[in-house]
Amino acid sequence: MDRALNYQFDWQLVLSGEYADWLVSGVITTLEISALSLLLAMLLGTIVAVMRMTKFKPLEWVGLAFTEFFRNTPLLVQIYFWYYGSNQVLPEAVNKWLYAHDFEFAAGVIALTVYTAAFIAEEIRSGIYSIPKNQLEASRAGGLSFIQAYRYVILPQAFRIIIPPLISQSLNLIKNSSLVMVIGVMDIFYMARQIESYSFHGFEAFTVATLIYLSISLVVSLCINLYNKHFLRQISY
Amino acid sequence: MAMIEVSKLHKWYGDFHVLQGISEKVEKGEVLVICGPSGSGKSTFIRCINRLEEYQKGTILFDGKDIHDKSVNINNLRAEIGIVFQQFNLYPHLTVLKNVTLAPIKVKGVDKDEAEKVALSLLERVGIHDQAHKYPAELSGGQQQRVAIARSLAMKPKVMLFDEPTSALDPEMINEVLNVMKDLAREGMTMLCVTHEMGFAREVADRVIFMDGGAVVEQAPPDEFFKNPKHERTKAFLKEIL
Ligand SMILES: Nc1ncnc2c1ncn2[C@@H]1O[C@H](COP(=O)(O)OP(=O)(O)O)[C@@H](O)[C@H]1O
Ligand SMILES: [Mg+2]
């Protein structure tokens, strides 16, 4: 009670010296884990989407099980799962390597990647399926190979549909990345909490952290939008 | 040698016997009109010719060669057989010009300048060269269908297939498309046209065939076909559409 009434704001404190260094290193970690996870999630998501679209049943089922499982369980639980359970599911060599390096970071990347990939796979699949069948037919009838038809006709149209939801998945990923602090990844959120426990200036620390998340998201979405405008003009052929 | 020779063609969709032994010869430069009630297998038949549909029995020779021969590359085969669909099926993300040049550049390896020159002259031929830089959605149905014809012609096909090319058009646009087709016919293109435009058939067809229930019921030169239909089903059909 007393403390609340007499609380003195001290923005200077969290924005300078050691605390500021902590925040900067937190920002770098957040950016690293988000960027790496996004890249891997795009790759994995594309692979899973392709699996689901093959006419080969076992692959379809694996793809379906993957998306349903990871989209329908809480991310927080998945993060703990990879952190405590990875030595059960991953090969021995991979685990050795992970322990020798930054294990928390790696577990966080795996969790965020797999979770986000499940959503991305669905966006890609539904984007491609939304292109009318007659487009593939017309391209094949004109002599294009299956790959050329996808490259020049189907995918360019599908991208226009897929890109907006992919942007929102990317932004979700950045926000979701704050959860990995529970396994000890020293991201922005982790650092803000650490500042709170050292200085009791939690309000300032979390406000700054919030603003940092907000700016990262805004900058990322701006960049993607600019890139897309350029990119979409390029991919026609 | 006939341009296309179909012998005893059978196709089933599951248990449904959709093509029941069709045999037809189309000579080089011949214009064949195919008519018949909806569901009689007209689309399925012409789509077998460029292998958009597979069939279970019979053979189709194109230019003397079985289209299922191992030496036949399916993409090359399709480059030589143009098809125009009822719904145009233009590529909505590409300009008219790029719709026309895509396949020549990517399939035949024609260089871009050359492909564009050819495309523009084809667009001129179908009367829409001034729309070359627009997107399909900015064109009327009749214009889109003419672009689709130009897109097929850009591959310099030996045969053109038409699957009810005017059925999706507003009545006032039908003639602009038919006129393009008539010009093609007069220039000697080998054509198989599924259409119910009997004026077109009278004017340029060499032969009209009537399909019903997956088989060719009757065939004759247009004058005879319209004046003296022999089969009851043909008579009933003609009564309905004329
Ligand atoms: N993919 C398909 N699967 C099952 N039946 C089909 C398929 N495509 C067409 N059919 C059936 O085959 C018959 C012939 O179709 P179609 O060749 O399109 O006729 P038409 O062009 O003469 O109207 C119709 O009864 C139609 O319902
Ligand atoms: Mg039809």
Structural part of A:Glu137 lying under 4.5 Å from a heavy atom of chain B: both

Side chain / backbone / both / neither for B:Asn89 at chain A, heavy atoms under 4.5 Å: both

No-hydrogen, no-angle side-chain donor-acceptor test under 3.5 Å, B:Ser7 and B:Lys25: no

Portion of B:Arg151 that has a non-hydrogen atom of chain A nearer than 4.5 angstrom: side chain

Check: A:Tyr152 ring centroid to B:His93 ring centroid under 6.0 Å: no

Most contacts with chain A, counted as non-hydrogen pairs under 4.5 angstrom, among B:Ile74, B:Val107, B:Asn75, B:Leu161: B:Asn75

Side-chain donor-acceptor contact under 3.5 Å, B:Thr166 with B:Gln145: no

Heavy-atom contact with chain A under 4.5 Å, split by part of B:Phe85: side chain

Closest heavy-atom pair and its distance - B:Pro165, B:Met181: CG-SD, 3.7 Å

Region of B:Leu90 that comes under 4.5 Å of a non-hydrogen atom in chain A: backbone

Check: B:Ser43/B:Asp163 side-chain N/O donor and acceptor closer than 3.5 Å: yes

